[in-house]
Number of protein chains: 2
Amino acid sequence: MVFAKVSLVLSVYSLEYNYMETKERIIEGSMELFFKYGVRSVTMDMIASHLGISKKTLYENVKDKNTLVEMMAQHHFDQEQHDLEKLSNTTENAIDEIHQIAVQMKQMIRQINPILFFDIKRYYPKVWQLFDSQKYDCIGGYIINNLERGIKEGYYRPDLDVKVMMIFKMNQVEWAFDTDFFPITEFNLLDVQMQLFEHFIRGIVTKKGLELFEKYKEHEAN
Amino acid sequence: MVFAKVSLVLSVYSLEYNYMETKERIIEGSMELFFKYGVRSVTMDMIASHLGISKKTLYENVKDKNTLVEMMAQHHFDQEQHDLEKLSNTTENAIDEIHQIAVQMKQMIRQINPILFFDIKRYYPKVWQLFDSQKYDCIGGYIINNLERGIKEGYYRPDLDVKVMMIFKMNQVEWAFDTDFFPITEFNLLDVQMQLFEHFIRGIVTKKGLELFEKYKEHEAN
DNA sequence: AAACACCAAAGTTTCCTTAGTTTTTTTAGT
DNA sequence: ACTAAAAAAACTAAGGAAACTTTGGTGTTT
């Protein structure tokens with residue numbers, strides 16, 4: 001009787017194992033490898049092997065490597081966006097919010113081998129461009145909202161041109177990922193980004209905002 | 001009249017008994033083969049043959065191979081849990097208990113071909129994930145109880161963060177099964193796990209606890 | 001800068017095995 | 001003898017492993 005119950009539960013669970021699952025698995029699995037080793041050094045054979053499927057099956061689900069990289073990047077971008085959107089509703093103020101953005105960026109940079117950005121930019125320039133424009137639409141809008149929120153709350157300087165600041169910030173992030181300026185062998189990507197992020201914040205806050213920011217920084221250090 | 005009634009009851013009873021018996025046999029029988037040869041190399045034909053039933057009968061009781069792997073894993077997990085729960089009531093103290101856990105783990109590893117874990121993780125990732133979360137709920141809780149018991153009895157250090165230790169221990173076990181770190185061709189899985197288990201115990205005990213642990217170790221060597 | 005050679009990896013194809021299903025044969029019970 | 005159930009055998013489709021072909025990135029030479 002009890003045993004039959006368990007068996008029933010497991011049967012229902014098994015039904016989810018279908019087509020969408022395979023594609024999702026492929027994206028997640030390839031993302032793990034790309035994050036760890038970059039794109040160029042991860043072969044399609046490796047991905048198939050990692051997933052326990054044949055190359056044939058992989059190609060039945062994915063047109064080619066280029067498409068896979070796109071899908072992976074889109075997936076990651078969507079996730080990132082989703083995480084950002086959650087912050088608007090769960091943070092107390094603009095400083096808390098921008099501080100959480102920094103924390104999230106830190107986590108992302110920790111789990112991604114910097115060679116990933118290099119590889120995509122160089123070998124998959126279309127993918128790079130695709131997300132370059134999406135970035136301005138989505139994340140850019142998000143930054144503008146945060147800036148406006150901070151101005152309203154009195155934490156950011158009221159004379160900020162929010163559009164200029166948005167463009168500046170987004171270019172700064174991209175610029176700091178550029179290995180021409182900050183060669184990987186000389187600079188720690190995480191350090192560079194965090195340095196520039198703090199610099200940006202310090203440039204936009206009021207006295208009141210700075211005090212609050214220092215508090216959050218202190219809280220994070222403990 | 002009465003005779004006809006009894007006969008009906010017995011028929012219903014034996015039908016239920018037969019059904020449960022077959023499914024149980026299938027799980028136990030497939031578990032024997034999976035433990036010995038892993039999952040991938042054990043075919044449904046082999047299982048049917050091993051059990052002396054036809055493939056048709058096998059599929060009348062089990063939806064598909066995926067479901068069978070899940071059922072087998074659940075069955076094994078339940079057994080493991082049951083065995084663990086018995087230890088709380090039959091052991092004299094926390095050291096005795098954790099020592100018995102080590103003994104049980106040793107027995108389990110002895111009877112399982114390591115390729116089983118590899119196969120499930122790679123080819124049945126959903127099954128792997130299913131039991132990953134269950135692990136933290138059940139076995140994690142059990143470890144915390146043992147740690148709290150040991151602290152109360154004076155065998156474990158009172159400043160232990162039991163939650164941190166639980167998560168650490170569970171991740172350690174999983175990590176030691178990872179063939180990326182410990183290739184099967186170079187390492188004996190049992191040795192690795194026992195080494196790490198002893199190291200873990202030595203890290204949590206008081207002086208008093210260590211003396212007692214040494215006693216149990218000595219007793220086991222004889 | 002262009003041409004060339006090399007070779008690993010992307011992408012494709014082939015052959016085989018196995019999961020799952022169906023049909024045929026055998027067995028057991030009445 | 002009859003029938004239902006189970007076993008054995010045959011079948012189909014899908015997926016895996018391996019082999020094969022093509023491509024593109026890189027290095028060398030002119």
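Phosphate contact (OP1/OP2 of D:dG24, side-chain N/O of A:Arg122, threshold under 4.0 Å): absent. Remark: B:Lys56 is not in phosphate contact with D:dA7, judged by side-chain N or O atoms under 4.0 Å from OP1 or OP2. One finds a side-chain N or O of A:Thr57 lying less than 4.0 angstrom from the OP1 or OP2 phosphate oxygen of D:dG16. Within the 4.0 Å cut-off from OP1 or OP2 of C:dA10, not a single side-chain nitrogen or oxygen of A:Arg40 is found. At D:dA18, none of the side-chain N or O atoms of A:Ser54 fall inside 4.0 Å of OP1 or OP2 (strictly under the cut-off).
Residue B:Val62 is classed as having no contact, given no heavy-atom separation below 4.0 Å to the nucleic acid.
Side chain of A:Thr90 to backbone of A:Lys86: a donor-acceptor contact under 3.5 angstrom is found. Checking side-chain atoms of B:Arg122 against main-chain N and O of A:Ser49 turns up a donor-acceptor pair under 3.5 Å.
Atom CD in B:Glu60 sits roughly 8 Å away from atom C1' in D:dA5 (whole-Å rounding). Taking atom CG of B:Leu68 as the reference point, atom P of C:dA19 lies 11 Å away to the nearest angstrom. Atom CG of B:Asn66 is separated from atom P of C:dG20 by 8 Å (rounded to the nearest Å). Following rounding to the nearest Å, B:Tyr37 (OH) and C:dT18 (P) show an atom-to-atom distance of 15 Å. Distance, A:Tyr59 OH to D:dG16 P: 15 Å, rounded to whole Å. The CG atom of B:Asp45 sits 13 Å away from the P atom of D:dA10 (whole-angstrom rounding). Straight-line distance from the CG atom of A:Asp64 to the P atom of D:dG24: 11 Å, rounded to whole Å. Between B:Ile26 atom CD1 and D:dA6 atom C1' the separation is 13 Å, expressed in whole Å.
Classified by interplanar angle (parallel below 30°, tilted 30° to 60°, perpendicular above 60°), the ring pair A:Phe182/A:Trp175 is perpendicular. Using cut-offs of 30° and 60° for the angle between ring planes, the B:Phe200 and B:Phe168 rings count as tilted. The aromatic rings of B:Trp128 and B:Phe117 lie perpendicular to each other, with more than 60° between the two planes, well past the 30° mark.
When the nearest nucleotides of DNA chain D are assigned to B:Gly52 and A:Tyr123 by heavy-atom distance, the more 5′-ward of the two goes with B:Gly52.
Here the nucleotide nearest the side chain of A:Ile53, chosen from C:dA19, D:dG16, D:dG25, is D:dG16.
Side-chain N/O atoms of B:Lys55 and base N/O atoms of C:dG20 include a donor-acceptor pair closer than 3.5 Å.
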